[in-house]
2 protein chains.
Amino acid sequence: MKKVSLKDIATEAGVSTALVSYVLTNKDKKARVGEGMAKKIREIARKLNYQPNHIARSLKSGRSFTIGLIVADISNPFFANIARTIEDEAKKNNYNVIFGSSDENVDKSQDLINVLVNRQVDGLIITPTEGSEQQLQQLKEQKIPFVLIDRFFPGIAASYIAVNNRESAAGAVSHLIKAGRKRIGMVAYKTTLHHISERIGGYQDALQQHKIKAGNSWLKKARYSHLKEDIQLAIDQLLKGKQPADAIFFATNSLAIEGLKYINTLGIRIPDELAVITFDEGEALDLFYAPVTFVRQPILEIGKAAVRVLLEQIADDTSATTAISIDTTLVVRKSCGSR
Amino acid sequence: MKKVSLKDIATEAGVSTALVSYVLTNKDKKARVGEGMAKKIREIARKLNYQPNHIARSLKSGRSFTIGLIVADISNPFFANIARTIEDEAKKNNYNVIFGSSDENVDKSQDLINVLVNRQVDGLIITPTEGSEQQLQQLKEQKIPFVLIDRFFPGIAASYIAVNNRESAAGAVSHLIKAGRKRIGMVAYKTTLHHISERIGGYQDALQQHKIKAGNSWLKKARYSHLKEDIQLAIDQLLKGKQPADAIFFATNSLAIEGLKYINTLGIRIPDELAVITFDEGEALDLFYAPVTFVRQPILEIGKAAVRVLLEQIADDTSATTAISIDTTLVVRKSCGSR
DNA sequence: TCATTTTGCTTAAACGATAAAGCAATATTC
DNA sequence: GAATATTGCTTTATCGTTTAAGCAAAATGA
């Protein structure tokens with residue numbers, strides 16, 4: 001049972017495919033199609049259960065109504081949630097989403113961009129990896145619309161949706177200080193990505209503002225590729241000195257979860273012996289015996305904004321960029337103690 | 001800067017597009033293209049950075065090299081992980097994945113199927129929702145290859161990848177019994193979906209086998225649409241009688257996580273007062289103060305098998321179906337106590 | 001009544017790639 | 001040297017849809 005095409009309907013109705021096309025794309029008024037004929041064609045289309053061939057349409061129109069989404073890892077709840085909102089938002093606009101995970105790897109990122117662009121996506125939503133500046137530059141040259149989320153490169157003019165990482169981090173750390181913590185460590189990723197630098201910057205800002213001298217020894221960095229070992233080492237170093245840290249600020253939820261797993265094995269009690277605060281939410285952090293205080297990124301807003309900005313860019317065919325910075329909320333729970 | 005097409009290369013080389021096509025699809029030997037010319041064409045293609053138009057190819061070949069993936073909710077870690085393995089596996093075979101979330105809703109499911117089919121996906125991987133039998137039947141009539149994962153309908157001949165739910169559930173419950181638990185409740189979804197019925201069946205099998213008389217009052221069902229309220233009610237009923245349950249078996253991770261959140265608020269200690277066991281893993285269950293014993297579904301295997309079976313079906317153009325049942329592993333941790 | 005406008009449809013080209021078929025020019029065979 | 005085979009390319013049709021342009025027939029105007 002082959003698929004029904006315009007031609008089948010045309011044959012059945014005894015007219016040309018053009019006429020059928022006009023009717024079924026609701027251009028029958030403009031194209032002066034007879035009322036009776038229009039009705040007849042619509043009926044036949046319904047009877048044969050005609051479904052337009054999207055690929056043929058795309059070829060003709062040069063638009064695929066598909067968005068490419070590149071995240072670091074779709075199995076990370078933060079990105080999965082973003083993907084979810086992007087999917088919903090895209091669907092509302094009759095767009096679909098093709099996705100891929102870069103694993104924070106530049107080569108995979110390039111691969112994905114190539115594949116998605118060859119599939120003629122109309123635009124891309126990307127969480128760029130470290131060192132992918134040149135890939136973005138190339139997209140710009142090819143005039144392929146894209147929007148960055150979660151991160152961006154200050155040196156590259158591109159649309160992006162991000163949160164005010166520096167202020168948010170500073171706010172989180174201030175909260176720890178106000179809760180009476182004095183020796184506040186931070187665990188971040190070892191990366192040059194701007195959003196992490198900013199979170200580190202915010203951490204340092206807050207310490208400085210409260211006149212706390214932080215040796216760099218309180219700032220630990222874990223490699224994405226060796227997360228577990230590096231985090232364990234970092235936490236050992238933070239907690240096992242003569243002056244152990246009394247609080248840790250994690251730069252992302254993956255870091256927090258991996259860190260807490262290890263802290264659990266050490267038998268350290270939260271928040272009594274150690275306060276914990278992190279960026280990003282996650283069910284694991286809710287279910288933790290001391291639900292973890294966290295910086296909430298408004299995922300829904302980010303996803304919606306990303307799609308909106310991207311579709312605007314696609315529609316306007318302009319190279320103008322839109323940068324959106326969104327505020328976060330500090331969700332205070334038990335993990336920092338309360339006083 | 002328009003995209004480079006075969007025609008551009010042809011013009012530059014002073015030949016026809018056909019010749020260029022033959023060369024760039026490596027049919028130059030078969031099509032008897034001169035060596036010199038082949039080389040020249042390849043060079044021009046490289047110089048102009050030619051990227052084939054996938055859409056045009058799809059239109060011609062009738063294949064899009066795209067898989068449609070329909071999960072209940074991409075932001076659920078179980079499905080996100082499945083999506084991840086499917087993505088990876090698809091990429092290995094030069095396929096891409098378009099996805100959508102059905103939210104366990106029949107209408108959304110139908111919507112998604114329509115959209116994906118119109119986009120000419122070559123096949124679908126679906127976690128079918130309750131009541132979607134007829135949609136699958138329709139896919140069969142349209143001869144669109146598809147593979148079900150996680151669930152299937154016994155009455156519909158279709159390829160599927162699933163775990164042996166009944167035995168796995170029975171194994172989990174037996175584990176509770178062997179750990180000395182006597183009053184074992186179960187929290188499942190209120191649904192007719194077969195995998196849930198089977199898990200319930202396994203629970204009942206195990207009780208029966210150990211001569212435990214379970215009133216139906218120990219079996220609770222929560223509506224997907226009213227998860228929180230229903231779970232709280234279920235747990236209240238299980239724990240607040242004169243003979244409170246001393247163990248709960250959750251049919252999925254979402255149920256377990258939502259249930260444990262509530263149990264936390266009740267101040268009930270796991271495993272001392274209550275043992276807990278669940279289907280599916282999740283970071284939340286790892287990080288829980290009494291890491292939760294769970295039935296591990298081999299996600300990687302499921303994803304790989306799903307893609308493999310689907311691609312076979314696409315290639316063979318057969319209506320034969322393949323049903324794969326995979327064994328689970330019981331991962332024993334603290335939440336059931338130890339003796 | 002004849003010129004002009006409107007109506008209702010068809011033709012044909014296009015999007016980009018593919019591939020069967022065709023056609024000279026050259027090479028091989030006897 | 002004539003018949004045949006091979007080489008190296010072009011022509012043309014096709015996938016399904018869209019849309020500008022074209023063309024009769026009918027309707028309107030004077």
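All values reported here derive from a predicted model rather than from experimental measurement. Chain naming here is simple, since letters A, B, ... match the order of the sequence lines and numbering starts at 1 in each.
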Rounded off to whole Å, could you give me the [atom1]-to-[atom2] distance for the [X] and [N] pair?
{"X": "A:Q120", "N": "C:dG16", "atom1": "CD", "atom2": "C1'", "result": "9 Å"}
{"X": "B:N26", "N": "C:dA17", "atom1": "CG", "atom2": "C1'", "result": "15 Å"}
{"X": "B:K29", "N": "D:dT7", "atom1": "NZ", "atom2": "C1'", "result": "13 Å"}
{"X": "A:N118", "N": "C:dG16", "atom1": "CG", "atom2": "P", "result": "14 Å"}
{"X": "B:I9", "N": "C:dT18", "atom1": "CD1", "atom2": "C1'", "result": "14 Å"}

Counting only pairs under 3.5 Å, give me each side-chain donor-acceptor contact of residues 118-127 of chain A, with atom names and distances, residues two or more places apart or in other chains.
unit_1, atom_1, unit_2, atom_2, d
A:N118, OD1, B:Q51, NE2, 3.2
A:R119, NE, B:N96, OD1, 2.8
A:R119, NH1, B:S64, O, 2.9
A:R119, NH1, B:F65, O, 2.6
A:R119, NH1, B:T66, OG1, 2.8
A:R119, NH2, B:H54, NE2, 3.4
A:R119, NH2, B:F65, O, 3.1
A:R119, NH2, B:N94, O, 3.4
A:R119, NH2, B:N96, OD1, 3.3
A:D122, OD1, A:S64, N, 2.8
A:D122, OD1, A:S64, OG, 3.3
A:D122, OD2, A:S64, N, 3.3
A:D122, OD2, A:F65, N, 2.7
A:D122, OD2, A:Y95, OH, 3.3
A:T127, OG1, A:I70, O, 3.3
A:T127, OG1, A:A72, N, 3.2

Rounded to the nearest 0.5 Å, how far does CZ of B:R42 lie from NZ of B:K39? 11.0 Å
Let me have a per-nucleotide readout for nucleotides 14-21 of chain D, 5' to 3', with B, S or -, counting only protein heavy atoms under 4.0 Å. BBBBBBB-
Got a donor-acceptor contact below 3.5 angstrom from the A:E87 side chain to the B:S101 backbone? yes
CD of A:Q134: more than 12 outside heavy atoms within 6.0 angstrom? no
Pick base, sugar-phosphate or nothing for A:V15, based on heavy-atom distances below 4.0 Å to the nucleic acid. sugar-phosphate
Passes ring-ring contact (aromatic ring centres under 6.0 Å, His included), B:H194 versus B:F152? Steps please. CA-CA 7 Å; B:H194 190 243; B:F152 63 95; 4.9 Å; yes
Is it true that B:E43 and B:K47 make a salt bridge, defined as a side-chain N closer than 4.0 Å to a carboxylate O? no
